[in-house]
Structure formats: C-alpha cells, structure tokens
Amino acid sequence: CSSGRSNIAINPASTEAMDREIRSLSSKNGGTPTAAALEKAGEDLDRAGGSGVIVLVSDGESNCDRDPCEVARSLVADGTDITVNTIGFRISDSGRDELQCIADATGGTYVDVTDSSELQDQFKARAVADLTATVSAPRSVSVRPGSANTTAINVSVANQSPTGGPVASN
C-alpha cells in the first residue's frame, strides 16, 4: 500500500513505449494504493510549480488505508491544479464509483474499458489536455477614412476545457 513509482512519463503516441512501461509495473503486495498515489502525484505537481492532467487507470477499488476521493477533494481544496481523468479496466461497480468520484472532484472524466485496444485508445484521448476557444466578432466593420467617428467593436472569446471545467486565461 505504498504510492509505488512516480514520475513515469508515457508517450501515448508510442504504443510500444506505453506497452513497455506499463508492463514494467508490478505490485509487491497486491494492494491498490490509489489515495497514496494521488497524494504523491499532487506533491510532484506542487513541487514542479505547475498544473497537470493525470490519467489514472485501475482494475479495482482502493484497498489501502484512505479514501482516494477524499484525497482528490483535498488536493483541489488545497489549490493543487490537477485534473484526474480516470479509466476503469474491467472494474467492479464500487471501483467505478470510486474512479467517477475522483474524476468529478478534479474536473476530470471517467470511462469504462473492457479490452487492451480500447484502453490504449482511451488513454491517448485522455492523456493530453485540450482547449477549445470560440471567438465571436462582426464579420466586417465599415470605417470611413478621415472620419472622426469611432466605432466600438465587440469581440468575445469563450474558452472550454474538454472536461467542462474552468479555464484560466491571461
């Protein structure tokens, strides 16, 4: 029930690298330390001074000492800029509820998968944060050269994250 390895960078575009890294992981005691892993990821993000998207894949519910959903809520409440996209791989109903709660607490997404091909596709889809910006402005503005009249032009921009969560802008 330790947090395991951290700082594992997996390139979702490389099937071979992703497969190799995932296959190198092993459980020492069969525990699922989701809460400890989330806490460690939050510490790593805070130490790096940034924000991050975590893709959490699990085939079972946490069976160690703490509730991972409470840890996710605590990270957000403490100001950690973290989004956890969760993937349940052939998971039980209680494991699904746990992963859904983690995703909801951090503005992430949840999806069920049943085979390795679907897991790879969903991992790729959730590993990179996207941002959609919609700009609204008039198609054209008529201005007469030499005219003292000025015309205000209204331009609005709406940002949307893939999870529907708030988007910070400068």
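Heads up: numbering here begins at 1 and tracks the sequence.
- For the pair E43 and D46, the minimum side-chain heavy-atom distance is 4.5 Å or more.
- Between the CD atom in E39 and the CG atom in D44 there is a gap of 11.0 Å [rounded to 0.5 Å].
- Side chain of D59 to backbone of R90: no donor-acceptor contact under 3.5 angstrom is found.
- Formation of a donor-acceptor pair under 3.5 Å by the N85 side chain with backbone atoms of G108 is not found in this model.
- Shortest non-hydrogen contact noted between R73 and A105 is CG-CB, 3.7 Å.
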Next item on the list: Output, in order, the C-alpha distance, side-chain angles, deciding distance and verdict of salt bridge (charged side-chain N to carboxylate O under 4.0 Å, His left out) for D93 and R96.
Entry: CA-CA 5 Å; D93 288 343; R96 180 180 300 107; 2.6 Å; yes
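- P68 places none of its side-chain heavy atoms less than 4.5 Å from the side chain of E61.
- Between I91 and D112 there is a side-chain heavy-atom pair separated by less than 4.5 Å.
- The two residues A41 and I54 come nearest to each other via the heavy atoms CB-CD1, 3.6 Å.
- Distance OH/Y110 to CG/D104: 11.5 Å, rounded to 0.5 Å.
- Heavy-atom minimum distance, A103 versus T86: CB-OG1, 3.7 Å.
- Interatomic distance, I102 CD1 to S58 OG, rounded to the nearest 0.5 Å: 8.0 Å.
- Here the side chains of T34 and L56 are in contact, with some heavy-atom distance below 4.5 Å.
- When each of D115, V113, T114 is checked for a side chain to side chain contact (heavy atoms under 4.5 Å, CB included) with S117, only D115 meets the rule.
- D81 CG to T106 OG1: the interatomic distance, rounded to the nearest 0.5 Å, is 10.5 Å.
- The side-chain heavy atoms of I82 and V84, taken from C-beta on, include a pair separated by under 4.5 Å.
- Residues V55 and L119 share a hydrophobic cluster, clusters being chains of Ile/Leu/Val/Met/Phe/Trp/Tyr side chains in contact below 4.5 Å.
- Looking only at distances, a side-chain donor or acceptor of D67 sits under 3.5 Å from a matching main-chain atom of C69.
- Checked by atom type and distance alone, the side chain of Q122 never pairs as donor or acceptor with a backbone atom of I87 at under 3.5 Å.
- One hydrophobic cluster, built from ILVMFWY side chains closer than 4.5 Å, holds both V111 and F89.
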